[in-house]
Each structure stands twice: as structure tokens, then as C-alpha cells.
Amino acid sequence: MTNINPVWDVLASQASSAVLKAEARLEKVAKHKQKIVVRQEKISALLVEYSNHSERIQSYGGSGEIDNSRKFIAQLMDLQNRTHHEYINVEADYGRAKRALILANQEKLKADFLSQREKEIQHQMLVTQEKRELELQGITQFNLKR
């Protein structure tokens, strides 16, 4: 009998687990990135809406409303700035998560290859051992018949 070493199988299993974790991380970051994009679109729409609203107010001459509208637009611009910086950070996280997934997949491929190679080696050793036993049995039978 051959001595099967499950080390490569364990490493392949761990690599598969690492790939699943990396995929989950990438998906989480992608969802967060998408939420930020939606938020940016809403803020942009609000900026356009309130800019148009501010222009209409200026034609009527209500200075209190104009000041409030300008302050709100300034707050929206600040929020747009912060959202942009958040997007840049999430984009960097996304790149790191993507690289981690690529590396995890590479490690999984290596571990799977090594596991398969070990199985093939074990199988080849078993076939060789069986051939030797058959040859030995053939020689023994030949010698017994003589």
C-alpha cells in the first residue's frame, strides 16, 4: 500500500477558502463603491436642482432665501467633495481586493496542481508496485512448475 500524504489536499482546501474570502471581500467593496456612485449621482442631481432654484429665487429678489439656497449649495458641494474622496479611497480598496483575489487564485492553482501531482505520483507508485508483485508471482509460478 502507498502512504498518501494529505498535506497538499489540506493546502488546496485552505487556498480555496482564501479564494472565497477574497471574493467576498471584493464583492463587499464593489457594493460599497456602487453605493457611493449612486450617492454622487443624487448629490449632482440636487446641485443642479438647487442651482436652478437659486437662479429662479434671484429673479424674485428674496435675499433670505438666496442666502439659504447658497448655503445649502455650499453644503452640497462639500458633501460632493467628501463623497469624491471616499470614492477614491474605495477605488483603492477595490484595487487591493482585486489583487488579493488574483493572488489567492494563483495560490489555489498552485496548491491544486501540487495536490494533483502528488496523487499522480502515488498512483504511479501503486502501479509500479503492482507490476513488481505480478512479476514476482509470475517468476514464482514459473519456478514452481519447473
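Model, not experiment: these values are computed from the prediction.
The stretch residues 16-25 participates, sequence neighbours left out, in no side chain to side chain donor-acceptor pair (under 3.5 Å) pair at all.
Rounding to the nearest 0.5 Å gives a distance of 7.0 Å between CH2 of Trp8 and CZ of Arg117. To the nearest 0.5 angstrom, Tyr87 atom OH is 16.0 Å from Lys35 atom NZ. Between the CG atom in Leu144 and the CD1 atom in Ile139 there is a gap of 12.0 Å [rounded to 0.5 Å]. Taken from CD1 in Ile36 to NZ in Lys31, the straight-line distance is 15.0 Å, to the nearest 0.5 Å. Taking CD1 from Ile121 and CG from Leu126, the interatomic distance works out to 14.0 Å, rounded to the nearest 0.5 Å. In this structure, CZ on Arg70 lies 12.5 Å from CE on Met77, to the nearest 0.5 angstrom.
Residue Ala104 comes nearest to Ala22 through the heavy atom pair CB-CB, 4.3 Å, listed as atom of the first residue, atom of the second, then distance. Of all non-hydrogen atoms in Ile43 and Leu76, the two that sit nearest each other are CG2-O, 3.7 Å.
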Next item on the list: Report the C-alpha separation of Arg132 and Thr128 in whole Å, then their side-chain angles, then the decisive distance to 0.1 Å, and conclude whether the side chain to side chain contact (heavy atoms under 4.5 Å, CB included) test is met.
Entry: CA-CA 6 Å; Arg132 284 183 188 151; Thr128 303; 3.9 Å; yes

Note to self: Walk me through whether Val29 and Arg96 qualify under side chain to side chain contact (heavy atoms under 4.5 Å, CB included).
What the structure shows: CA-CA 10 Å; Val29 173; Arg96 286 190 293 273; over 6 Å; no

Next item on the list: Please report the C-alpha distance between Asp67 and Lys71 in whole Å, then the side-chain angles of each, then the deciding distance to 0.1 Å, and finally whether the salt bridge (Lys or Arg N to Asp or Glu O under 4.0 Å) criterion is met.
Entry: CA-CA 6 Å; Asp67 286 342; Lys71 287 178 185 176; over 6 Å; no

Check: Given Lys119 and Asp9, is the salt bridge (Lys or Arg N to Asp or Glu O under 4.0 Å) satisfied, shown in steps?
Finding: CA-CA 10 Å; Lys119 288 176 186 173; Asp9 291 336; 3.7 Å; yes

Margin query: I'd like to know whether Glu107 forms a salt bridge (Lys or Arg N to Asp or Glu O under 4.0 Å) with Lys110, so could you lay out the CA-CA distance, the side-chain angles of the two residues, the decisive distance to 0.1 Å, and finally the verdict.
Written below: CA-CA 5 Å; Glu107 290 300 315; Lys110 276 196 266 183; 2.9 Å; yes

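When the shell of 6.0 Å around OH of Tyr50 is examined, it contains 12 or fewer heavy atoms from other residues, nucleotides or ligands. In the displayed structure, Lys98 atom NZ is contacted under 6.0 Å by at most 12 heavy atoms of other residues, nucleotides or ligands.
Placement of Leu20 and Leu101 in two distinct hydrophobic clusters is found when ILVMFWY residues are connected by side-chain heavy-atom separations under 4.5 Å, directly or transitively. A continuous path of Ile, Leu, Val, Met, Phe, Trp and Tyr side chains, each step under 4.5 Å between heavy atoms, connects Leu47 with Leu79, placing both in one hydrophobic cluster. Under a hydrophobic clustering in which Ile, Leu, Val, Met, Phe, Trp and Tyr are joined whenever their side-chain heavy atoms come within less than 4.5 Å, directly or via other members, Leu26 and Val37 fall into the same cluster. Both Phe113 and Leu11 are part of a single hydrophobic cluster, where members link through side-chain heavy atoms under 4.5 Å apart. Hydrophobic clustering of Ile, Leu, Val, Met, Phe, Trp and Tyr side chains at less than 4.5 Å, counting indirect connections, keeps Val10 apart from Leu114.
Checking Glu133 against Gln137 by side-chain atom types alone, no donor-acceptor pair falls below 3.5 Å.
Checking side-chain atoms of Ser44 against main-chain N and O of Gln40 turns up a donor-acceptor pair under 3.5 Å. Side-chain atoms of Ser115 do not come within 3.5 Å of backbone N or O of Ala111 as any donor-acceptor pair.
Residues forming a side-chain hydrogen bond (donor to acceptor under 3.5 Å, both in side chains) with Gln106 (at least two apart in sequence, or on another chain): none. His32 is linked by a side-chain hydrogen bond (donor to acceptor under 3.5 Å, both in side chains) to Glu86, counting only residues two or more places apart in sequence or in another chain.
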